[in-house]
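I have placed the structure first, in the form of structure tokens, so that the comments after it can refer back to it.
For the single chain, residues carry numbers from 1 onward in sequence order. Just the heavy atoms: all of them, side chains too, but no hydrogens, waters or symmetry mates, feed the values below.
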Amino acid sequence: QVELVESGGGSVQPGGSLRLSCVTSGYDHNYGGNMYYTGWFRQAPGKEREGVADSWTAGGTVHYADAVKGRFTISRDNAKNAKNVVYLQMSSLEPEDTAMYYCAAGRTVNLLDPTTYTYWGQGTQVTVSS
């Protein structure tokens with residue numbers, strides 16, 4: 001059973017930073033036959049859900065949406081005894097980044113198409129305002 005739980009959202013001023021965490025379970029990150037892409041998506045009120053970043057394995061294939069390149073970084077805790085946590089480090093935040101942020105997992109995926117992701121967390125709210 002794949003499960004994803006996000007945390008780390010909050011309110012921040014423009015130019016600030018936040019780090020979101022996604023605790024994952026039910027699939028492998030480093031090796032094995034049960035591997036998934038892990039992605040971050042966001043949805044602002046009245047807008048469609050959009051992809052932010054995704055990654056296959058630690059140090060493997062990574063994709064970013066153009067709107068966040070150079071500002072957001074997706075990573076995973078590689079400590080031996082660490083839980084399978086995927087992070088989204090967000091810097092130089094802008095009011096346009098305000099949204100509910102979701103963590104998702106899937107196998108054959110396209111960051112531009114949220115429907116290609118199979119499993120979703122409940123989301124964590126990020127608000128950027130002065």
[atom1]/[X] to [atom2]/[Y] distance, rounded to the nearest 0.5 angstrom?
{"X": "Arg71", "Y": "Lys69", "atom1": "CZ", "atom2": "NZ", "answer": "13.0 Å"}
{"X": "Leu93", "Y": "Thr127", "atom1": "CG", "atom2": "OG1", "answer": "10.5 Å"}
{"X": "Thr118", "Y": "Arg107", "atom1": "OG1", "atom2": "CZ", "answer": "8.5 Å"}
{"X": "Arg19", "Y": "Gln89", "atom1": "CZ", "atom2": "CD", "answer": "7.0 Å"}
{"X": "Leu88", "Y": "Ile74", "atom1": "CG", "atom2": "CD1", "answer": "6.5 Å"}
{"X": "Arg76", "Y": "Cys22", "atom1": "CZ", "atom2": "SG", "answer": "11.5 Å"}

Closest heavy-atom pair and its distance - [X], [Y]:
{"X": "Leu111", "Y": "Val52", "result": "CD1-N, 3.8 Å"}
{"X": "Ser92", "Y": "Ser17", "result": "N-OG, 4.4 Å"}
{"X": "Gly51", "Y": "Ala65", "result": "O-CB, 3.3 Å"}
{"X": "Val85", "Y": "Ser21", "result": "CG1-CB, 4.0 Å"}
{"X": "Cys103", "Y": "Thr38", "result": "SG-CG2, 3.8 Å"}
{"X": "Ala105", "Y": "Val2", "result": "CB-CG1, 4.4 Å"}

Legend entry - Pairs involving residues 87-114, ordered by first then second residue, that meet ring-ring contact (aromatic ring centres under 6.0 Å, His included) (sequence neighbours left out): none

Inset, instruction - Look at the side-chain heavy atoms of Ile, Leu, Val, Met, Phe, Trp and Tyr, link any pair under 4.5 Å apart, and say whether Met90 and Val62 land in one connected group. - result: yes

Main-chain N/O of [Y] paired to [X] side chain as donor or acceptor, under 3.5 Å:
{"X": "Thr116", "Y": "Val109", "value": "no"}
{"X": "Thr24", "Y": "Asn84", "value": "yes"}
{"X": "Asp97", "Y": "Glu94", "value": "yes"}
{"X": "Gln43", "Y": "Ala99", "value": "no"}

Inset, instruction - Establish, yes or no, whether the cationic atom of Arg49 lies under 6.0 Å from the six-membered ring centre of Trp120 and within 45° of the ring axis. - result: yes

Legend entry - Sequence-distant partners of Ala67, side-chain contact (heavy atoms from CB on, under 4.5 Å), two or more places apart: Arg42

Legend entry - Any Leu20 side-chain heavy atom under 4.5 Å of Val126 side chain: yes

Legend entry - Any side-chain heavy-atom pair of Ser129 and Ser11 under 4.5 Å: no

Legend entry - Tyr36/Tyr119 aromatic ring centres below 6.0 Å: yes

Legend entry - Pair Tyr117 + Tyr37: ring centers closer than 6.0 Å: no

Legend entry - No-hydrogen, no-angle side-chain donor-acceptor test under 3.5 Å, Asp54 and Tyr64: no

